[in-house]
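We count ligands from 1, going down the list as the structure has it; atoms in each ligand are counted the same way. These numbers were taken from a predicted model, which means no experiment stands behind them.
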Amino acid sequence: MTASLRPASGPARRTVVAAAGAAGLAVALTACGSSDDDASSSSADSGSGSSGSGDDVGSGGGDAAAGAEPLASTADIPEGGGKVFADRKVVVTQPTAGEFKAFSATCTHQGCAVKSVADGVINCPCHNSNFSIADGSVKGGPATKPLPAVEITVSGDSITLA
Ligand code: FES
């Protein structure tokens with residue numbers, strides 16, 4: 001009896017697919033039919049973009065390459081600590097006065113974004129891994145690989161991703 005399962009499954013599967021296709025079509029048709037009701041809901045999404053206002057204060061003539069936009073000012077990075085730039089997926093640290101480092105802000109454990117810098121370590125909130133602000137090495141938690149270093153350029157008081 002079990003031997004007959006194989007041939008039977010072919011047509012059965014096809015039937016299922018056909019039925020799903022028909023259902024999909026029905027859904028699509030229904031969705032189209034209801035679009036009249038939606039006309040009023042075309043809300044003004046377009047104006048909601050968060051413009052990075054205030055960022056160009058003191059940007060001294062930088063029409064160089066795109067991407068040369070400063071990440072931060074050195075004054076933003078506390079000595080012996082650091083700051084997470086979530087939108088750029090990078091964490092910048094200042095392990096000792098005047099020495100700036102940057103690391104990926106993506107935790108090497110399971111890919112969460114690291115959240116904070118305190119007591120000389122970069123912390124991931126997901127499972128509490130923490131990484132050295134000096135070299136990104138694992139200081140605790142389940143992560144086993146260091147945060148990869150990210151190249152930065154410090155020019156005057158502005159820090160730019162290299
Ligand atoms: S993803 Fe960061 S500790 Fe698990």
Any sub-3.5 Å donor-acceptor pair from Asp157's side-chain atoms to Thr74's backbone N or O? no
Do Ile133 and Ile122 have side-chain heavy atoms sitting under 4.5 Å apart? yes
So, does Ser73 use its side chain to make a donor-acceptor pair with the main chain of Ala75 at under 3.5 Å? yes
More than 12 foreign heavy atoms under 6.0 Å from CG of Asp119: is that the case here? no
Flag, side chain of Ser158 to backbone of Pro70, donor-acceptor distance under 3.5 Å: no
Tell me the protein N, O or S atoms under 2.8 Å from atom 4 (Fe) of ligand 1, in chain and number order. His109 ND1, His127 ND1
If you measure SG to SG, does Cys107 sit under 2.5 Å from Cys112? no
